[in-house]
Amino acid sequence: TNRVLGCSLVLSIQAMYSSSDDVVELTPSNFNREVIQSDSLWLVEFYAPWCGHCQNLAPEWKKAATALKGIVKVGAVDADQHKSLGGQYSVRGFPTIKIFGANKNKPEEYQGGRSSQAIVDGAMNALRSLVKDRLSGKSGSSGYNKQSGGGGGGSKKDVVELTDDNFDKMVLESNDVWMVEFFAPWCGHCKNLEPEWTAAATAVKEQTKGKVRLGAVDATVHQVVSSRYGIRGFPTIKIFRKGEEPEDYQGGRTRGDIIEKALDMFSENAPPPELLEILNEDVLKKTCEDSQLCIIGVLPHILDTGAAGRNDYLQVMMKMAEKYKKKMWGWLWTEAGAQMELEASLGIGGFGYPAMAAINTRKMKFALLRGSFSETGIHEFLRELSVGRGSTATLGGGTMPKIYSVEPWDGKDGQLPVEEDYDLSDVDLDDDFDKDEL
């Protein structure tokens with residue numbers, strides 16, 4: 001029976017939305033044209049085909065789309081397939097519904113119910129406030145036309161002007177990845193590409209912290225470089241990675257497509273995150289606040305594993321950090337017993353080490369590794385988390401626990417503390433020991 005079930009499931013997944021629905025399928029290639037540049041109010045669902053809640057929402061979403069036809073636009077993004085779009089709008093779980101209103105660059109999260117009636121009500125409320133704002137002169141039509149050069153959302157200076165003189169130094173000798181557009185000022189396609197290239201350059205610079213750069217060469221002026229790369233038509237886009245032959249960019253010409261490619265190359269190139277020992281509060285704060293999730297391994301006491309055993313555990317964590325580096329998560333470890341309050345707030349103490357938790361400090365939620373502390377077990381745990389599944393709990397007390405400053409591990413096997421001879425004659429054994437003095 002499983003086999004039959006599998007097939008029918010696949011069929012229903014393929015057809016979550018089709019052209020016969022009133023739901024507009026959105027992708028990186030049409031998102032900008034359909035949503036960002038539109039004067040309409042848009043409701044956009046970011047979904048994943050395998051997600052049960054998304055499958056339950058689909059019929060209601062279609063119903064709402066039909067009811068709102070001609071009044072509010074309703075779209076859907078398969079964010080499992082188009083990770084860059086989901087990433088651009090900080091989609092962390094599925095389904096996520098966003099309302100693109102007056103300022104299309106700052107959508108609001110829809111928090112209402114999941115029935116078609118609730119969705120329509122939410123849309124009408126958003127529409128009412130959009131119209132009210134326009135009436136009072138608060139916002140322009142879509143905020144799109146007012147931005148520089150009609151392109152919206154990019155700054156010219158983020159596109160690096162490349163010349164015969166600076167090309168080798170800037171591009172070929174650089175450790176960064178470059179996407180270079182060769183253009184001619186008279187070419188119509190180049191003019192169409194310009195706002196997209198500009199907007200993408202700004203987004204890519206921010207999201208890759210300058211590790212992927214977008215440049216432009218006026219091929220009519222800088223003929224040495226252009227003939228070196230055999231440029232025949234305009235615009236031609238080439239990708240340069242240090243020490244490799246340049247490759248032709250074959251993707252789409254919208255900012256969404258360009259950003260998606262740039263982020264992919266960035267994550268292939270990015271070094272894996274560092275795995276840091278929790279030595280003090282700063283280490284934890286910085287790592288956890290800069291990442292969507294921070295993954296914390298609590299390793300057995302050094303006397304239980306020795307250096308070799310501990311290094312094996314650290315090795316497993318580093319492998320996983322490499323595997324999930326595209327996620328830009330933070331990675332930390334601590335020794336069992338060194339951070340008792342952290343363990344308590346995660347409910348770790350007492351069920352055996354090594355243990356692992358993933359914390360989302362924005363939501364003050366965490367999830368615990370239930371499987372084995374091995375590549376397979378951790379991979380399974382992180383995969384569930386990365387798609388918004390896995391059971392989470394609220395961090396003890398809803399605040400970050402107190403973190404103690406500890407000495408870094410010296411990389412050696414542990415030493416048993418030297419036993420000293422105590423003179424117990426002057427100790428009153430009835431004293432209640434104060435834990436902190438021990």
Side-chain angles (χ1 to χ4, degrees), residues 26-38 42 44 46 75 77-79 81-92 96 98 100-109 142-162 170-171 174-181 183 190-217 235 237-241 249-270 290-292 325-329:
L26 297 166
T27 67
S29 316
N30 70 3
F31 197 87
N32 190 46
R33 183 179 70 236
E34 292 279 356
V35 180
I36 304 296
Q37 296 184 27
S38 134
W42 274 85
V44 179
F46 294 84
V77 174
D78 178 344
Q81 194 183 344
H82 305 296
K83 295 193 170 59
S84 69
L85 262 183
Q88 234 168 308
Y89 296 106
S90 323
V91 172
R92 304 259 186 270
T96 292
K98 305 240 174 198
F100 290 78
N103 180 352
K104 294 287 194 287
N105 296 318
K106 289 218 161 72
E108 295 163 36
E109 191 104 2
S142 67
Y144 179 78
N145 312 326
K146 295 201 295 260
Q147 287 163 347
S148 58
S155 153
K156 280 274 197 327
K157 66 178 190 312
D158 291 328
V159 176
V160 183
E161 202 178 312
L162 297 167
M170 294 289 292
V171 178
S174 151
N175 289 318
D176 303 326
V177 178
W178 280 83
M179 296 178 81
V180 179
E181 175 207 0
F183 71 92
C190 303
K191 290 192 183 96
N192 297 342
L193 175 61
E194 189 186 10
E196 300 300 310
W197 197 248
T198 305
T202 303
V204 167
K205 183 178 173 180
E206 284 168 9
Q207 294 184 43
T208 70
K209 308 219 180 358
K211 289 286 177 222
V212 179
R213 311 190 59 189
L214 271 62
V217 177
I237 300 171
K238 290 198 175 275
I239 292 165
F240 293 85
R241 293 181 174 88
Y249 168 72
Q250 305 286 8
R253 297 276 174 88
T254 68
R255 65 193 74 182
D257 296 320
I258 298 159
I259 293 167
E260 181 157 28
K261 176 67 176 170
L263 291 183
D264 265 359
M265 294 191 300
F266 170 61
S267 45
E268 283 160 21
N269 249 16
D290 285 355
S291 331
Q292 175 205 343
K325 69 180 179 181
K326 283 193 180 186
K327 298 282 181 200
M328 318 283 284
W329 291 337

Derivation and outcome, side chain to side chain donor-acceptor pair (under 3.5 Å), residues T254 and N32: CA-CA 8 Å; T254 68; N32 190 46; over 6 Å; no

Salt bridge (Lys or Arg N to Asp or Glu O under 4.0 Å) between E109 and K98, intermediate numbers included: CA-CA 5 Å; E109 191 104 2; K98 305 240 174 198; 3.0 Å; yes

For a side-chain contact (heavy atoms from CB on, under 4.5 Å) check, start with the C-alpha distance between L193 and I237, then their side-chain angles and the critical distance, and finish with the verdict. CA-CA 11 Å; L193 175 61; I237 300 171; 4.1 Å; yes

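Here the side chains of R213 and V159 are not in contact, with every heavy-atom distance at 4.5 Å or above. With a 4.5 Å cut-off on side-chain heavy atoms, F240 and V180 count as touching. V77 places none of its side-chain heavy atoms less than 4.5 Å from the side chain of Y89. Taking the side chain as every heavy atom from C-beta outward, F266 and V204 never approach each other to under 4.5 Å. In this structure the side chain of K261 reaches within 4.5 angstrom of the side chain of M179, judged on heavy atoms. Looking at heavy atoms from C-beta onward, L263 lies in side-chain contact with T208 at the 4.5 angstrom threshold.
Note that CZ of R255 is 13.0 Å distant from OG of S84, once rounded to the nearest 0.5 Å.
Counted by atom type alone, D257 and S29 present one or more donor-acceptor pairs between their side chains at under 3.5 Å.
Smallest separation of non-hydrogen atoms from A262 and V212: O-CG2, 3.7 Å. When all heavy atoms of A79 and G86 are compared, the pair lying nearest together is CB-CA, 4.4 Å.
For the side-chain contact (heavy atoms from CB on, under 4.5 Å) with W197, the qualifying choice from N192, L214, D158 is L214, the only one to do so. For the side-chain contact (heavy atoms from CB on, under 4.5 Å) with W178, the qualifying choice from M265, R241, K238, M170 is M170, the only one to do so.
A distance-only check finds no donor-acceptor pair linking the side chain of W42 to the backbone of I36 [under 3.5 Å]. Side chain of K104 to backbone of S38: a donor-acceptor contact under 3.5 angstrom is found.
The local environment of CD in E161 is sparse, with at most 12 non-hydrogen atoms from other residues, nucleotides or ligands closer than 6.0 Å. Sparse packing is recorded around NZ of K211, with 12 or fewer heavy atoms of other residues, nucleotides or ligands lying under 6.0 Å away.
Taking the six-membered ring where tryptophan is involved, the planes of F31 and F46 are tilted, since the angle between them lies from 30° to 60°.
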